[in-house]
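Accompanying notes for the structure given below.
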Amino acid sequence: MQTNDLLSPSAAPTASVHRGAVIIRSARVIVTCPGRNFVTLKIETDQGVYGIGDATLNGREKSVVAYLEEHVIPTLIGKDAQRIEDIWQYLYRGAYWRRGPVTMTAIAAVDTALWDIKAKLAGMPLYQLLGGRSRDGVLVYGHANGLDIEHTVDEVGRYKEMGYRAIRAQSGIPGVKGAYGVGRGDMYYEPADGTLPTETLWNTTAYLSYAPKLFEKLRDTHGFGIELLHDVHHRLTPIEAGRLGKDLEPYRLFWMEDSTPAENQEAFRLIRQHTTTPLAVGEIFNTIWDCKDLIQNQLIDYIRTTVVHAGGITHLRRIADLASMYQVRTGSHGATDLSPVCMGAALHFDTWVPNFGIQEYMRHTPETDEVFLHDYSFKDGYLHVGDTPGHGVDIDEALAAKYPYEPKQLPIARLQDGSMWNW
Ligand code: CS2
Ligand code: MG
């Protein structure tokens with residue numbers, strides 16, 4: 001009797017390599033620090049075509065490097081680079097210990113690199129492979145921040161002059177040392193500033209009385225012709241967030257972001273009951289499971305998940321499709337600690353995705369832009385992708401090598417009595 005040799009261990013089924021396959025020959029992780037650390041995965045194929053993906057997880061970069069080098073790259077060699085979905089499923093299900101920021105950032109880097117390869121092989125910009133253009137340009141928002149209300153109002157004016165149509169406003173708070181979002185310098189904001197976490201203080205009472213005054217002054221000065229956004233950065237309890245949302249209603253914010261920690265997705269129901277200020281959340285989410293209830297119960301208006309931290313293009317597309325069923329729009333995170341590789345891929349995604357909302361765009365430093373050559377460009381408040389085949393971003397490895405890794409960690413926050421709080 002013919003034994004079914006598929007059952008014998010020696011013939012364990014593997015993804016057969018079909019004719020016309022594009023074989024992954026090598027992959028490596030490139031760590032560079034042009035002003036801040038970035039981790040990039042480069043996958044090379046037997047066709048001489050390579051793709052790159054962002055693998056940067058701010059403050060935990062080396063964890064993703066190890067995950068890729070020890071547990072992922074060896075499994076990629078010999079696989080068909082065209083089998084993006086199968087490789088995604090292999091890395092997600094094969095991890096056994098599913099989900100989490102390190103795993104999903106590693107998977108995202110592979111996924112982004114494979115989409116880059118597929119688009120290069122097709123001779124098309126990535127957005128074409130997703131379904132083509134849904135818009136001419138990608139609306140972005142910049143970060144204006146100041147030490148106090150007057151300084152922040154001036155900074156918003158400066159961003160208006162740069163052409164931004166949407167601006168996030170964050171201000172220092174009297175008596176609160178190191179309030180979130182107040183950058184050092186006039187353009188770039190990098191919170192990971194110490195080899196050990198910098199300790200900052202938080203005072204909710206001071207913040208709740210100060211924030212509405214900031215936006216009252218912003219509207220009085222700049223009117224309602226500009227979209228204003230604000231990031232609460234996980235600092236409030238749900239009822240405090242409901243109160244702030246209500247206090248901000250007269251100033252018509254585009255969104256109030258991360259108003260309370262979102263592990264308990266149900267917490268947003270309480271906020272929703274008290275305010276019509278639009279709610280955004282999700283930059284620290286890494287799978288659809290983190291936001292499924294928020295979206296299905298319409299507890300938010302924008303989902304902030306990203307190409308680099310939520311499993312790449314393949315998974316972000318699933319999140320966006322679920323969101324579109326409930327009129328939730330995308331608003332992907334785009335801080336400086338997401339590399340230009342992520343920004344490039346995100347812009348192709350944003351150019352296609354039907355339920356697009358807005359894209360965060362914190363500019364990278366000139367030395368970062370020199371390491372990561374890209375074809376996207378900013379004009380009149382929009383970012384525009386180029387038509388280079390792939391996602392339009394590359395890495396200058398020789399230049400990258402000139403910026404060695406520097407251990408950095410994100411800050412922590414404590415309340416005035418010393419209790420740990422949410423940074
Ligand atoms: C912030 C980020 O841009 C934002 O919305 O929440 O700057 C965040 O603080 C950093 O990405 C953390 O690394
Ligand atoms: Mg944020």
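Only this structure's heavy atoms are used, side chains among them; waters, hydrogens and symmetry mates stay out. Indexing begins at 1, ligand by ligand and atom by atom, following the structure's order.
In summary, no N, O or S atom of Asp258 is located under 2.8 Å from the Mg ion (ligand 2). In summary, no N, O or S atom of Glu360 is located under 2.8 Å from the Mg ion (ligand 2).
Close approach to Arg304 involves these atoms of ligand 1, each under 4.0 Å from a residue heavy atom: 4 (C), 5 (O). Applying the 4.0 Å criterion to heavy atoms of His143 picks out, from ligand 1, the atoms 3 (O). Listed by number with element, the atoms of ligand 1 under 4.0 angstrom from any heavy atom of Glu257 are 5 (O). Close contacts of ligand 1 with Trp423, meaning ligand atoms under 4.0 Å from a residue heavy atom, involve 9 (O). Close contacts of ligand 1 with Arg168, meaning ligand atoms under 4.0 Å from a residue heavy atom, involve 1 (C), 3 (O), 4 (C), 5 (O).
Residue, atom and distance of the protein heavy atom nearest to atom 2 (C) of ligand 1 are His333 NE2, 3.4 Å. Here the protein heavy atom with the shortest distance to atom 13 (O) of ligand 1 is Asn58 ND2, 2.9 Å. Regarding atom 3 (O) of ligand 1, its nearest protein heavy-atom neighbour is Glu360 OE2, 2.4 Å. Taking atom 1 (C) of ligand 1 as the reference point, the nearest protein heavy-atom neighbour is Tyr180 OH, 2.9 Å. At the top of the distance list for atom 8 (C) of ligand 1, counting protein heavy atoms only, stands Glu283 OE2, 3.5 Å. Distance from atom 9 (O) of ligand 1 to its nearest protein heavy atom, with residue and atom name: His233 NE2, 2.8 Å.
Geometry note: the Mg ion (ligand 2) is the vertex, Asp231 OD2 and Glu283 OE1 are the arms, and the angle is 170° (rounded to 10 degrees).
A cation-pi arrangement is present between Arg36 and Phe38 under the rule of less than 6.0 angstrom and at most 45 degrees off the ring axis. For the pair Arg133 and Tyr127, the cation-pi criterion (under 6.0 Å, within 45° of the ring axis) is fulfilled. Stacking of Arg363 on the aromatic ring of Phe378 is recorded, both the 6.0 Å distance cut-off and the 45° axial limit being met.
Ion pairing between Arg28 and Glu44 holds under the 4.0 Å rule for side-chain N and carboxylate O. Note on Lys213 versus Glu216: no salt bridge recorded, every NZ/NE/NH1/NH2 to OD/OE distance being 4.0 Å or above. One finds no salt bridge joining Asp321 and Arg317 here, because no Lys/Arg side-chain nitrogen approaches an Asp/Glu carboxylate oxygen to under 4.0 Å.
Residue contacts with ligand 1, taken as heavy atom pairs separated by less than 4.0 Å, involve Leu410 solely via side-chain atoms from C-beta onward. At a 4.0 Å heavy-atom cut-off, ligand 1 does not touch Tyr361 at all.
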(request) Apply side chain to side chain donor-acceptor pair (under 3.5 Å) to the pair Glu360 and His143, showing each step before the final yes or no. (result) CA-CA 9 Å; Glu360 179 175 2; His143 278 214; 2.6 Å; yes
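For the 3.5 Å distance criterion, the side chains of Asp220 and Tyr251 fail to qualify, holding no donor opposite an acceptor. If you check the side chains of Tyr50 and Asp394, you find a donor sitting under 3.5 Å from an acceptor. There is no side-chain donor-acceptor pair under 3.5 Å between Trp421 and Ser419. Judged by distance alone, the side chains of Glu249 and Thr275 do bring a donor and an acceptor atom under 3.5 Å apart.
Remark: ligand 1 and Asp337 share an N or O pair separated by less than 3.5 Å (distance only, no angle test). Considering backbone and side-chain atoms together, Asp231 places an N or O closer than 3.5 Å to an N or O of ligand 1.
Taking the six-membered ring for Trp, Trp88 and His315 have ring centres closer than 6.0 Å.
Its N, O or S atom nearest to the Mg ion (ligand 2) is what matters here, and for Glu257 that atom is OE2.
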